[in-house]
Amino acid sequence: MTDAATTTPAVRVDGLTVRYGRTIALDAVSLDVPTGSVFALLGRNGSGKSSLVRCLLGQQKPEAGRLELLGSEPWGKRSRLMERVGVVPEEPDAPREMTPRQLGAFCAHLYPSWEAKGYDARLSRFGVPPATPFGRLSKGQKGLTQLSLALAASPELLLLDDPTLGLDPVARHAFFDEIVTELADRGTTVILTTHDLAGVERIADRVGILKDGRLLLCEETERLKSRFRSIRYRSEVTEGRTEFGNELDEMDPLRAKVRGWGIESVVAGYSDERFNRFAARDGITDAEASPLSLEEVFLAVAGEEKGAAR
């Protein structure tokens with residue numbers, strides 16, 4: 001994943017703005033997705049993820065800003081670009097009466113780099129019955145069929161729109177394992193929107209978080225996790241109040257909760273040096289710093305208003 005990434009972006013978004021009437025779906029969003037990387041686009045429902053995906057696929061023309069997909073503008077060159085892009089939608093969709101085998105034969109005529117053997121091998125590996133009509137497959141089998149179709153086209157970029165939604169744990173694990181294998185074999189660029197933060201944490205090189213159409217952050221996953229921490233401590237100054245003081249300001253606190261045993265806070269600007277200075281302050285005792293999962297970081301950034309105390 002990271003080793004395969006280069007400095008040349010597969011996707012470049014600059015000041016992208018999308019409106020629906022008076023509603024701003026995307027507000028001057030800018031980001032790059034390096035070639036060969038896995039980019040996870042996170043956000044709550046209504047954050048603007050779907051609008052960005054539609055723009056990437058050339059299905060939505062933005063009101064302002066620039067967008068390049070594999071070096072071309074998708075709105076004007078969609079038909080040519082889609083030969084190089086694999087897509088797995090949130091809701092698997094195909095003619096209900098067609099079997100996975102028939103779907104593969106149909107798509108083989110649409111993509112010049114179609115890999116029939118690879119497609120059949122994936123269906124077998126996933127346990128998808130190739131002769132069962134698509135409409136009779138389980139939700140997991142439909143999703144894995146869509147992934148098999150997308151990968152058989154040998155895409156340079158794979159776009160996954162919340163692809164594991166509704167899948168059972170076994171199907172989710174198989175889905176992500178296949179993405180990891182694909183990346184190791186080809187260095188395919190992957191963009192995915194998802195609510196499965198535990199699953200994406202192990203494969204994403206880079207993370208972007210949208211909220212109310214604005215991009216709150218966009219950075220490498222490991223760097224993101226390195227600067228977020230849960231801080232627990234006791235303070236002679238702050239305890240007993242309903243709001244926390246300024247003792248954590250150097251580490252950019254997002255929120256704090258006063259509990260019976262002391263104070264718990266999430267900070268976005270952690271470093272060992274800053275924490276050691278904080279822990280040595282007069283009145284601060286029993287200070288501890290713990291790393292956060294990607295899900296916990298997401299909740300801290302997009303879950304509540306900054307500075308809220310409960």
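Treat the numbers as computed from the prediction; the structure is a model and nothing was measured.
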Does [X] use its side chain to pair, donor to acceptor, with the backbone of [Y] at less than 3.5 Å?
X: D14; Y: R66; result: no
X: E201; Y: A198; result: no
X: R122; Y: S148; result: no
X: K139; Y: L165; result: yes
X: Y119; Y: P100; result: yes
X: E220; Y: R223; result: no
X: R229; Y: S226; result: yes
X: S72; Y: K77; result: no
X: R12; Y: L31; result: no
X: S124; Y: D120; result: no

_Quick one, I191 with V33, criterion side chain to side chain contact (heavy atoms under 4.5 Å, CB included). Give me CA distance, side-chain angles, the key distance, then yes/no._
CA-CA 8 Å; I191 299 176; V33 179; 4.2 Å; yes
_Pair L294-F298, side chain to side chain contact (heavy atoms under 4.5 Å, CB included): steps then yes or no_ = CA-CA 6 Å; L294 182 58; F298 174 76; 5.6 Å; no
*Identify which one of V207, V38, I203 satisfies the side-chain contact (heavy atoms from CB on, under 4.5 Å) criterion when paired with T221.*
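The option that passes is V207.
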_Sole candidate of T188, L147, L192 that passes side-chain contact (heavy atoms from CB on, under 4.5 Å) when paired with I179_ = L147
Is [Y] paired with [X] through a side-chain N to carboxylate O contact shorter than 4.0 Å?
X: E91; Y: K142; result: no
X: D27; Y: R214; result: no
X: R84; Y: E156; result: yes
X: R232; Y: D286; result: no

*Which pair of heavy atoms, one from L167 and one from P163, lies closest together, and at what distance?*
CD1-O, 3.8 Å
Shared ILVMFWY cluster between [X] and [Y], side chains joined below 4.5 angstrom?
X: V200; Y: V53; result: no
X: L224; Y: F39; result: no
X: F106; Y: L144; result: yes

Approximate separation, where rounding is to 0.5 Å, of [X] [atom1] and [Y] [atom2]:
X: I209; Y: C218; atom1: CD1; atom2: SG; value: 10.0 Å
X: I231; Y: E288; atom1: CD1; atom2: CD; value: 10.0 Å
X: E295; Y: D196; atom1: CD; atom2: CG; value: 9.0 Å

*When you look at R54 and L57, which way does the side chain to side chain contact (heavy atoms under 4.5 Å, CB included) test go after all the steps?*
CA-CA 5 Å; R54 284 194 291 269; L57 293 176; 5.9 Å; no
_So R227 and S271, do their side chains get closer than 4.5 Å, heavy atoms only?_
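Side chain of S271 against side chain of R227, heavy atoms only: no contact under 4.5 Å found.
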Which pairs of donor and acceptor atoms, one on a side chain in residues 109-117, lie under 3.5 Å apart (sequence neighbours left out)?
| residue | atom | partner | partner atom | Å |
| --- | --- | --- | --- | --- |
| E115 | OE1 | R186 | NH2 | 2.5 |
| E115 | OE2 | R186 | NH2 | 3.0 |

*Are S265 and Y233 close enough that a side-chain donor and a side-chain acceptor fall under 3.5 Å?*
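No - no donor-acceptor pair under 3.5 Å links their side chains.
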_Side-chain donor-acceptor contact under 3.5 Å, T193 with D162_ =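 Side chains of T193 and D162: no pair found under 3.5 Å.
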*Does the separation of the ring centres of F175 and F126 fall below 6.0 angstrom?*
no
*asked:* Please evaluate residues V267 and L254 with respect to the criterion side chain to side chain contact (heavy atoms under 4.5 Å, CB included), reporting the C-alpha separation (whole Å), side-chain torsions for both, the decisive distance (0.1 Å), and the verdict.
replied: CA-CA 6 Å; V267 301; L254 298 183; over 6 Å; no
*Please say whether more than 12 non-hydrogen atoms of neighbouring residues, nucleotides or ligands are located less than 6.0 Å from CZ in R277.*
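For R277, atom CZ is crowded (more than 12 foreign heavy atoms under 6.0 Å).
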